[in-house]
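Heads up: the structure comes next, in structure tokens.
The figures that follow rest on heavy atoms only: side chains count, while hydrogens, waters and symmetry mates do not. If you read the sequence from its start, that first residue is 1, and numbering goes on from there. All values derive from a computational prediction rather than experimental measurement.
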Amino acid sequence: KLPKFIAQEVTNTAWAFASAAILKEPLMKAISQESIRRVRDYDPQGLSNVAWSFATLSISDPPLMATLSVEAIAKMKFFQPQNMGNTAWALARLALQDFPLLAAIANEAVKKLEYFKPQELSNTAWAFAKV
């Protein structure tokens with residue numbers, strides 16, 4: 001059914017299962033495949049939600065993360081502090097040293113630093129320290 005979902009429904013499904021700490025491997029594999037296929041349809045929230053969801057469930061999926069990274073870099077100017085923090089956190093949680101994505105997050109975060117809430121700032125700082 002995932003191919004019939006709009007992009008936000010795919011990303012929200014990933015987020016919902018991760019938030020509930022429910023690991024359904026066939027579902028997450030399907031979400032990964034659908035996300036790789038439709039990543040250009042994802043907004044910054046969707047990109048960060050998928051990365052966060054896979055990291056929360058401790059699912060290492062290099063092809064998915066590489067695809068999300070390319071799209072996130074292209075859309076970084078539209079990322080809000082929460083999107084940047086969650087994406088950086090996901091990289092750190094999965095021990096991914098994606099330096100181009102981290103550099104894009106750092107550059108954008110500097111421009112938007114005044115808009116970061118304390119939790120977003122601490123998550124982002126922790127992620128950079130961890131990686």
Side-chain angles (χ1 to χ4, degrees):
K1 291 186 180 188
L2 282 176
K4 294 182 180 181
F5 284 17
I6 62 170
Q8 186 177 355
E9 292 169 338
V10 176
T11 63
N12 285 354
T13 301
W15 176 86
F17 276 81
S19 293
I22 299 171
L23 175 56
K24 297 286 187 183
E25 291 184 21
L27 174 64
M28 298 311 288
K29 182 175 174 126
I31 288 171
S32 172
Q33 292 169 345
E34 194 63 19
S35 294
I36 289 170
R37 187 177 75 79
R38 297 175 52 190
V39 73
R40 287 193 178 104
D41 297 334
Y42 289 7
D43 63 8
Q45 183 72 37
L47 293 166
S48 65
N49 277 354
V50 173
W52 178 89
S53 298
F54 276 71
T56 296
L57 294 172
S58 298
I59 300 171
S60 178
D61 187 330
L64 172 64
M65 295 306 290
T67 301
L68 294 174
S69 175
V70 169
E71 194 66 17
I73 291 168
K75 294 178 177 173
M76 189 55 61
K77 69 180 179 180
F78 303 110
F79 272 55
Q80 297 301 314
Q82 182 180 11
N83 308 140
M84 289 182 263
N86 287 350
T87 302
W89 180 89
L91 292 175
R93 178 83 162 77
L94 293 171
L96 296 175
Q97 295 183 339
D98 185 339
F99 295 119
L101 180 52
L102 289 167
I105 292 170
N107 289 335
E108 194 63 28
V110 168
K111 296 174 190 174
K112 297 177 179 172
L113 196 55
E114 66 186 283
Y115 302 108
F116 275 75
K117 294 176 185 169
Q119 185 67 50
E120 295 161 347
L121 187 57
S122 66
N123 286 351
T124 305
W126 174 85
F128 275 83
K130 183 81 172 162
V131 172

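Taking CD1 of Ile6 as the start and CZ of Arg38 as the end, the distance is 8.5 Å to the nearest 0.5 Å. Residue Lys130 holds its NZ atom at 13.5 Å from CG of Asn123, rounded to the nearest 0.5 Å. To the nearest 0.5 Å, atom CZ of residue Phe78 and atom CD of residue Glu108 are 9.5 Å apart. Separating the CD atom in Glu120 from the OH atom in Tyr115 is a distance of 13.0 Å, to the nearest 0.5 Å. Distance check: Asp43 CG to Glu71 CD gives 10.5 Å after rounding to the nearest 0.5 Å.
The minimum heavy-atom distance between Trp126 and Ala92, with the atom names listed, is CZ3-CB, 3.6 Å. Contact between Ala51 and Ala90 at its shortest, heavy atoms only, is O-CB, 3.4 Å. The minimum heavy-atom distance between Met84 and Lys112, with the atom names listed, is CE-CD, 3.8 Å. Val39 and Lys75 get closest at one heavy-atom pair: O-NZ, 3.9 Å. The two residues Gly85 and Thr124 come nearest to each other via the heavy atoms CA-OG1, 3.1 Å.
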Go through Phe17 and Thr56 one step at a time and tell me if the side-chain contact (heavy atoms from CB on, under 4.5 Å) criterion holds.
CA-CA 10 Å; Phe17 276 81; Thr56 296; over 6 Å; no
Report task. Assess whether side-chain contact (heavy atoms from CB on, under 4.5 Å) is satisfied between Gln45 and Thr11, documenting all intermediate values. Result -> CA-CA 9 Å; Gln45 183 72 37; Thr11 63; over 6 Å; no
Taking it one step at a time, do Thr87 and Trp52 satisfy side-chain contact (heavy atoms from CB on, under 4.5 Å)? CA-CA 6 Å; Thr87 302; Trp52 178 89; over 6 Å; no
**Request:** Show your working on side-chain contact (heavy atoms from CB on, under 4.5 Å) between Ile31 and Phe54 and close with a plain yes or no.
**Result:** CA-CA 10 Å; Ile31 288 171; Phe54 276 71; 4.0 Å; yes
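A single hydrophobic cluster is not seen to contain both Trp89 and Val131; linkage of ILVMFWY side chains at heavy-atom distances under 4.5 Å, directly or through other members, places them apart. Placement of Ile36 and Met28 within a single hydrophobic cluster is found when ILVMFWY residues are connected by side-chain heavy-atom separations under 4.5 Å, directly or transitively. Tracing side-chain contacts under 4.5 Å through hydrophobic residues (I, L, V, M, F, W, Y), one reaches Ile73 starting from Phe99; they form part of the same cluster. Linking ILVMFWY side-chain heavy atoms closer than 4.5 Å, directly or via other members, places Leu27 and Leu23 in a single hydrophobic cluster.
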Check: residues 57-64 side-chain donor-acceptor pairs under 3.5 Å, at least two apart:
unit_1	atom_1	unit_2	atom_2	d
Ser58	OG	Arg93	NH1	3.2
Ser58	OG	Arg93	NH2	3.3
Asp61	OD1	Leu64	N	3.1
Asp61	OD2	Ser32	OG	2.6

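For the pair Phe79/Leu47, a side-chain contact is recorded, criterion being any heavy-atom separation below 4.5 Å from C-beta on. Between Ser48 and Gln82, every side-chain heavy-atom pair lies at or beyond the 4.5 Å cut-off. In this structure, the side chains of Leu91 and Met65 come closer than 4.5 Å at one or more pairs of heavy atoms. When side chains are defined from C-beta on, Val10 counts as touching Ser35, because their heavy atoms get closer than 4.5 Å.
Residue pairs meeting the salt bridge (Lys or Arg N to Asp or Glu O under 4.0 Å) criterion with at least one partner in residues 11-31, sequence neighbours excluded, are absent.
Between the side chain of Asn83 and the main chain of Gln80, a donor-acceptor pair closer than 3.5 Å is present.
More than 12 non-hydrogen atoms from other residues, nucleotides or ligands lie less than 6.0 angstrom from CD of Glu9. Atom CZ of Arg40 is surrounded by 12 or fewer heavy atoms from other residues, nucleotides or ligands within 6.0 Å.
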